[in-house]
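Every heavy atom of this structure was used, including side-chain atoms; hydrogens, water molecules and symmetry mates were not. Along the sequence shown, the residues carry numbers beginning at 1.
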Amino acid sequence: MNLLLPLVAFIIGWILAQTRFAIRLKPTFATLLARVFIPIVIIYNMVFYRAGSLSLMLFSLVSAVLLYALFMQFFKDRLGALCFSYVNMAWLGFPFAIALFGPQISSAMVALYIGGSIFGNIWAVTAVSSAPQSKLVILKKVMQSPPFVALVLAGLFRLMGLQHVQNTFWFDHIYSASKVGMTFAGMCVLGMWLRHTKVNLDDLKRSSGILGLKIICGVVLCSIAYVYLPIPHIQQYIGVMFLLFCLPPAANIVALETHYQGTGVSAKYIASGTMVSCMVIAIYGMLLHFYF
């Protein structure tokens, strides 16, 4: 089921892209994903907190900052650096993580997503905008983002003692339904989006080289974390930590670029990066299946 749902959802999205319903369904699914399903998953996992979540958040955040700085150091390209460091955790990361590692990995994925999302919400607008952004504007955008709102709500619920509730039947069912909805909505939107995006061989070659560099960085950073950082249960989480470095650029980068620069250069980066990433994750999944 974990492997079948993302594939079925992607195919449905691919088919729906050719219908008149796609114009409405695409933003509807994307909104449900960003403002309903992911916040619910975040709140549940933060209320019923598991050891190691804060460490994973910091790992994700610091990794994104280091990737951005590394790309800028060598290529001096802010948009390229953003595509290199701000990855598609929502539409692609969650579905593939659940498919590869099972639903039990969702708490770790939530922590990694929050760290990456904090980086994205702080730096994405600054990176794609030609005009400098004030600290107040950046802070306002971070505070209004769904992940931050979900974290605040989770904190309030913990103060109210919700984590001590004995009967969590309805919470568990809402959480399970949200995970299914998150996987379906994310992969369906991805299918609708990729159906109409044209890429050529040069785009795929470029994305392959960039993803190869990111995977090398992932091997180094994950090795350092595994050996030197005191992350609880890291033996269980190291696989999904490495998955971060196999993911393509976040899809909302092109929307921000279009709004602030009036261009859509990142669309090809995202599309070709997504195609290459899907192949790499498929290989990663087979290696996990056969050797672990």
Side-chain angles (χ1 to χ4, degrees), residues 1-17 21-22 24-46 48 50 53 56 60 87-117 120 146-147 150 170-195 236-237 239-244 246-252 270-271 273-275 277-286 288-289:
M1 182 63 182
N2 289 334
L3 291 171
L4 189 61
L5 180 60
L7 178 61
V8 170
F10 181 85
I11 293 171
I12 290 173
W14 185 272
I15 295 170
L16 286 174
F21 303 110
R24 292 184 179 179
L25 285 176
K26 188 175 178 180
T28 299
F29 283 164
T31 300
L32 283 172
L33 180 74
R35 298 187 179 276
V36 179
F37 297 138
I38 289 178
I40 288 174
V41 170
I42 290 173
I43 290 170
Y44 182 94
N45 281 284
M46 291 297 102
F48 303 102
R50 292 187 63 181
S53 292
L56 292 174
S60 178
V87 299
N88 193 336
M89 293 280 283
W91 293 5
L92 216 62
F94 274 105
F96 274 123
I98 292 172
L100 293 177
F101 301 100
Q104 69 275 6
I105 205 66
S106 59
S107 61
M109 198 62 186
V110 164
L112 293 169
Y113 169 73
I114 291 171
S117 181
W170 287 108
F171 296 127
D172 294 339
H173 276 68
I174 292 171
Y175 172 59
S176 297
S178 296
K179 286 194 295 184
V180 172
M182 181 174 65
T183 299
F184 181 84
M187 295 305 291
C188 193
V189 169
L190 184 64
M192 286 189 278
W193 181 63
L194 286 181
R195 180 68 184 256
Q236 301 172 27
Y237 299 150
V240 77
M241 289 165 65
F242 180 72
L243 180 65
L244 276 180
C246 301
L247 294 173
N252 64 329
I270 295 166
T274 300
M275 293 177 184
S277 179
C278 287
M279 290 187 287
V280 168
I281 293 172
I283 295 169
Y284 182 42
M286 287 189 288
L288 288 172
H289 177 74

Quiz prompt | Residue that, paired with Asn45, satisfies side-chain contact (heavy atoms from CB on, under 4.5 Å) out of Ile40, Val110, Ile114 | solution = Val110

Quiz prompt | Point-to-point distance, once rounded to the nearest 0.5 Å, from CD1 of Ile38 to NZ of Lys179 | solution = 14.0 Å

Self-check item: Whether Ser178 side chain and Ile174 backbone form a donor-acceptor pair below 3.5 Å
Solution: yes

Quiz item: Given the rule in the side-chain contact (heavy atoms from CB on, under 4.5 Å) test, do Tyr44 and Ser106 qualify, once you have shown the distances and angles that lead to the verdict?
Solution: CA-CA 10 Å; Tyr44 182 94; Ser106 59; over 6 Å; no

Quiz item: Do the non-hydrogen side-chain atoms of Cys278 and Phe96 ever get within less than 4.5 Å of each other?
Solution: yes

Self-check item: Student check: side-chain heavy atoms of Met89 and Ser117 closer than 4.5 Å
Solution: no

Quiz item: Considering all heavy atoms of both residues, which atom of Phe101 and which atom of Gly239 are nearest to each other, and what is their separation?
Solution: CZ-C, 3.5 Å

Quiz item: Are any non-hydrogen side-chain atoms of Arg195 and Leu16 less than 4.5 angstrom apart?
Solution: no

Quiz item: Do Ile12 and Phe184 have side-chain heavy atoms sitting under 4.5 Å apart?
Solution: yes

Quiz item: Are the ring centres of Phe242 and Tyr284 closer than 6.0 Å?
Solution: yes

Exercise. Identify the two heavy atoms, one from Pro95 and one from Thr183, that lie closest to each other, and give their separation to 0.1 Å.
Key: CB-CG2, 3.8 Å

Self-check item: Smallest separation among heavy atoms of Pro147 and Tyr113, with atom names
Solution: CG-OH, 3.7 Å

Quiz item: Rounded to the nearest 0.5 Å, how far does CD1 of Ile281 lie from CE of Met286?
Solution: 12.0 Å

Self-check item: Ser277 side, atom OG; Asn88 side, atom CG - distance, nearest 0.5 Å
Solution: 8.5 Å

Quiz prompt | Heavy-atom closest contact (Ser53 atom, Ala111 atom, distance) | solution = O-CB, 3.3 Å

Exercise. Heavy atoms only: give me the nearest Ser107-Tyr175 pair and the separation to one decimal.
Key: N-OH, 4.5 Å

Quiz item: So, for Ser60 and Gly116, which heavy atoms are closest and what is the spacing to 0.1 Å?
Solution: OG-N, 3.0 Å

Quiz item: Side-chain contact, heavy-atom cut-off 4.5 Å: Met187 with Leu92?
Solution: yes

Quiz prompt | Minimum side-chain heavy-atom gap Met109-Val41 below 4.5 Å | solution = no

Quiz item: At what distance, to the nearest 0.5 angstrom, does CG of Asp172 lie from CZ of Phe48?
Solution: 7.0 Å

Practice problem: Mind checking the CD1-CD1 spacing from Ile98 to Ile105? Nearest 0.5 Å is all I need. | Solution: 10.0 Å

